[in-house]
> 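Sharing a structure here in structure tokens format.
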Amino acid sequence: MSDNNPWTRTRKQLHIAARRFPIDPLLLARLENHDRIVEVSVPLKMDDGSVAVYQGFRVQHNNDRGPYKGGLRFHPNVDKDEVKALSFWMTMKNAVINIPFGGGKGGITINPKDLSHAELERLTKEFTRKLAPFIGPEVDAPGPDVGTNGEIMQWIREEYEKITGASAPAVTTGKPIKKGGSLGRTEATGLGGYYALLAILRMMKRKPEGLTVAIQGFGNVGSFLAEYLEEAGMRVVALSDSKGGIYIPSGIASMHEVQRCKEKTGKVSGCYCIGSVCDIGNIKELGGREISSEKLLELPVDILVPAALENALTKENAKRVKAGIILEMANGPTTAEADGVFKSKGITVIPDVLANSGGVAVSYFEWYQNMRGEHWSKKEVFKKLKEKMDSACEMVHDISLQYKVPLREAAYIRALQSLSAKTAGVKKNGSGKKRMK
Ligand code: NAP
């Protein structure tokens, strides 16, 4: 299998870390495999009366540290290997950020943009009926990912509660605030990435002000991150989405306006804003130019942020990357070969399992509030998020110095340490001598 196969890559990453920090062979074997893969067909009645059948997955990788946790992705590229890799990364991520969850992930192979709102709801509820026996607040609690959102999480909750006949707000996270969602969840992944970047810059003894940034992907994660970076005085010079991007070397003036423009036109491309007027006609005055999402990765910037999908950075384009720091907000944006190139070029990669873990950290806060009927303020959520991100970054950075390894390897070592400690605890507390009758 190629280097671009994310599932093959996860096993390589696991073995590299396990060579530095040897773990119980049984734990290694468990991490190399999945606890369960649920594969379902999802028939959908379309608005015109026809029926289409889609493929759905939920992969439950490991629950040593708590219920399986991870997003649901609705995207045409969803396949089993992708979901397997994503669920593995969730196990590692939750261990790195030290929250009591295991790893899971799921999705449907579909382009949700092709469906009407009513079709999307029917699809989600049919998928939930198929998943219901395998999920639950203390078993497996999905959250949003690419192509899904709070409304979809609420539909899942409603359908799950209908099936089980019990109130179960914590069966999903990322719900709308009025429906049991946590304040701050929408911003959490972008904000967590921002906290991670600031923490690592601090450790590198670099100031954020004036650093230039290019961001690939302007969805939930990329757009919030861009706003926080702008607020911190960094200069975001390029942004893109699936339809292309914009590049203004002197800096994009207002993320908020670009966001509004994208909402209106459906794309970032052409969103050259002067005040509240965003139009391609402003391009000359701003000294900007249109740029493809691929070329954005090769711009001369201080910080590159892949915030779209897997495998954006490959052996082909890695050698042309000019950024000194890569903040991996997408899951798995860097192939193993590209990672090797970055290591040899001395580029600092802040790995996905650390950089984008703010989302699942606040998902855990939401789950915790739902389980206890609590409601935290946004200030409280952000404070707790910052503490989590700062402490995980410090830990990973220390391991990277101790073992003389890049941050990705250090993050994996940290995850293996947490997972080993948990397994050792289970062994100690359980009676190894008990046999089933
Ligand atoms: P999203 O809201 O669906 O946004 C994805 C963005 O990527 C969109 O702007 C999309 O463009 C863009 N995109 C898709 N294909 C692209 C391409 N080929 N080139 C450039 N841009 C492309 O998803 P998201 O929640 O921001 O997630 C982004 C990444 O972060 C994913 O890898 C996800 O797994 C990861 N992540 C998300 C969270 C979370 O809490 N949401 C947490 C951890 C990790 P269009 O706008 O044109 O569709």
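Indexing begins at 1, ligand by ligand and atom by atom, following the structure's order.
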> For atom 33 (C) of ligand 1, what is the nearest protein heavy atom, given as residue, atom name and distance?
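Protein heavy atom at minimum distance: D145 OD1, 3.5 Å.
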
> Check for a donor-acceptor pair, side chain of K284 on one end and backbone N or O of G281 on the other, with a separation under 3.5 Å.
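No, K284 side chain to G281 backbone: no donor-acceptor pair under 3.5 Å.
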
> Among T186, I215, T189, L239, which residue places a heavy atom closest to atom 42 (C) of ligand 1?
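Of the listed residues, T189 has the closest heavy atom.
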
> Out of curiosity, is K267 lining ligand 1, as in a heavy atom under 4.0 Å away?
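Checking ligand 1 against K267, which is what was asked, there is no heavy-atom contact under 4.0 Å.
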
> Should one rank P112, G219, G245, P306 by closest heavy-atom distance to atom 6 (C) of ligand 1, which comes out on top?
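Closest candidate by heavy-atom distance is G219.
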
> So is there a nitrogen or oxygen of F218 less than 3.5 Å from a nitrogen or oxygen in ligand 1?
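F218 vs ligand 1: N/O contact under 3.5 Å present.
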
> Ligand 1 and K262, any nitrogen or oxygen pair closer than 3.5 angstrom?
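Yes - when backbone and side-chain N and O of K262 are compared with those of ligand 1, one distance drops under 3.5 Å.
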
> Looking at atom 29 (C) of ligand 1, what's its closest protein heavy atom, distance included?
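Among all protein heavy atoms, the one nearest atom 29 (C) of ligand 1 is A308 O, 3.1 Å.
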
> Give a yes or no answer on whether the side chain of H75 reaches the backbone of I110 with a donor-acceptor pair at less than 3.5 Å.
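Here the side-chain-to-backbone pair does not exist.
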
> Does any N or O of ligand 1 fall below 3.5 Å from an N or O anywhere on K105, backbone included?
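There is no such contact.
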
> With a cut-off of 4.0 Å, which atoms of ligand 1 are near a heavy atom of V146?
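Those qualifying, in numeric order: 3 (O), 23 (O), 27 (O), 31 (C), 33 (C).
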
> Would L309 count as being in polar contact with ligand 1, using the rule that some N or O on each side must be under 3.5 angstrom apart?
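No, since none of the N or O atoms of L309 sits under 3.5 Å from an N or O of ligand 1.
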
> Would you give the length of the straight line joining atom CG of L313 to atom CG of L304, rounded to the nearest 0.5 angstrom?
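Atom-to-atom, L313:CG and L304:CG are 6.0 Å apart.
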
> So for A307, does at least one of its heavy atoms come nearer than 4.0 angstrom to any atom of ligand 1?
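Right, A307 reaches ligand 1.
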
> Does only the side chain of K113 get under 4.0 Å from ligand 1, or the backbone, or both, or neither? Count heavy atoms.
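Side chain only.
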
> Is there a donor-acceptor pair closer than 3.5 Å between any side-chain N or O of E366 and the backbone N or O of K175?
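Checking the backbone N and O of K175 against the side chain of E366, a donor-acceptor pair under 3.5 Å is found.
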
> Any nitrogen or oxygen of N220, side chain or backbone, less than 3.5 Å from one on ligand 1?
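Indeed, backbone or side chain, N220 has an N or O that close.
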
> Is there at least one pair of N or O atoms, one from G359 and one from ligand 1, spaced under 3.5 Å apart?
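Such a contact does not occur with ligand 1.
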
> Any luck finding a side-chain donor-acceptor pair between D47 and S116 under 3.5 Å?
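Per modelled atom types, D47 and S116 side chains form a pair under 3.5 Å.
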
> Which heavy atom of the protein is the closest neighbour of atom 30 (O) of ligand 1, given with residue, atom name and distance?
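Of the protein heavy atoms, M329 O, 3.4 Å lies nearest.
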
> May I ask you to identify the nearest protein heavy atom to atom 11 (O) of ligand 1, giving residue, atom name and distance to one decimal place in Å?
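Going by distance alone, atom 11 (O) of ligand 1 is nearest to S242 N, 3.0 Å.
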
> If the cut-off is 4.0 Å to any non-hydrogen atom of V221, which atoms of ligand 1 fall inside it?
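Heavy-atom distances to V221 below 4.0 Å select 24 (P), 25 (O), 26 (O), 27 (O), 30 (O), 37 (C), 38 (C), 39 (C), 41 (N).
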
> Within the 3.5 Å criterion, strictly below it, is a donor on N331 or N356 matched to an acceptor on the partner's side chain?
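Their side chains do contain a donor-acceptor pair, which is all the 3.5 Å distance test asks for.
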
> Nearest 0.5 angstrom please: W89 CH2 to L86 CG, how far?
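Reported to 0.5 Å precision, the distance equals 6.0 Å.
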
> Specify side chain, backbone, both or neither for E310, according to which of its non-hydrogen atoms lie closer than 4.0 Å to ligand 1.
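No part of E310 is near ligand 1 at this cut-off.
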
> Between S293 and ligand 1, which residue portion shows a heavy-atom distance shorter than 4.0 Å: side chain, backbone, both, or neither?
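The part of S293 near ligand 1 is the side chain, not the backbone.
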
> Do you see a donor-acceptor pair shorter than 3.5 Å between the side chains of R65 and N98?
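Present: a donor and an acceptor within the cut-off.
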
> Taking the inter-plane angle between the rings of W376 and F365 on a 0 to 90° scale, is it parallel (under 30°), tilted (30 to 60°) or perpendicular (over 60°)?
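Taking F365 first and then W376, their aromatic rings sit tilted (interplane angle of 30° to 60°).
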
> Quick one, D140 with K69, criterion salt bridge (Lys or Arg N to Asp or Glu O under 4.0 Å). Give me CA distance, side-chain angles, the key distance, then yes/no.
CA-CA 6 Å; D140 181 351; K69 184 83 191 100; over 6 Å; no

> Any protein heavy atom sitting closer than 4.0 Å to atom 18 (N) of ligand 1?
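Within 4.0 Å: no protein heavy atom nearby.
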
> Would you kindly say whether Y364 and N94 are connected by a side-chain donor-acceptor distance under 3.5 Å?
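Not at all, the side chains of Y364 and N94 share no donor-acceptor pair under 3.5 Å.
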
> If we only count N/O pairs under 3.5 Å, is A330 in contact with ligand 1?
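Among all N and O atoms of A330, none is under 3.5 Å from an N or O of ligand 1.
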
> Considering only heavy atoms, does R185 approach ligand 1 within less than 4.0 Å through its side chain, its backbone, both, or neither?
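The side chain, only.
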
> Would you check, one step at a time, whether the test side-chain hydrogen bond (donor to acceptor under 3.5 Å, both in side chains) holds for E290 with S269?
CA-CA 7 Å; E290 294 286 278; S269 166; 2.4 Å; yes

> Just heavy atoms, cut-off under 4.0 Å: does N331 contact ligand 1 by side chain, backbone, both, or neither?
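For N331, backbone and side-chain atoms both sit under 4.0 Å from ligand 1.
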
> Looking only at protein heavy atoms, which one is nearest to atom 21 (N) of ligand 1, and what is the separation?
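Result: D241 C, 3.2 Å.
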
> Got F218 and V258 here, is their nearest side-chain heavy-atom distance under 4.5 Å?
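They are in side-chain contact.
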
> Using distance alone, with no hydrogens and no angle criterion, decide if E316 and T314 have a side-chain donor and acceptor under 3.5 Å apart.
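Yes, side-chain donor-acceptor contact under 3.5 Å.
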
> Mark up the atoms of ligand 1 that fall under 4.0 Å of a heavy atom belonging to G147, in ascending order.
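Near G147, the atoms of ligand 1 are 3 (O).
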
> Using a strict 4.0 Å cut-off to heavy atoms of Q216, name the atoms of ligand 1 that fall inside it.
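With Q216 as reference, the close atoms of ligand 1 come out as 20 (C).
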
> Using only the SG atoms, establish whether C278 and C261 come within less than 2.5 Å of one another.
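No, because the SG atoms of C278 and C261 are not under 2.5 Å apart, which misses the disulfide cut-off.
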
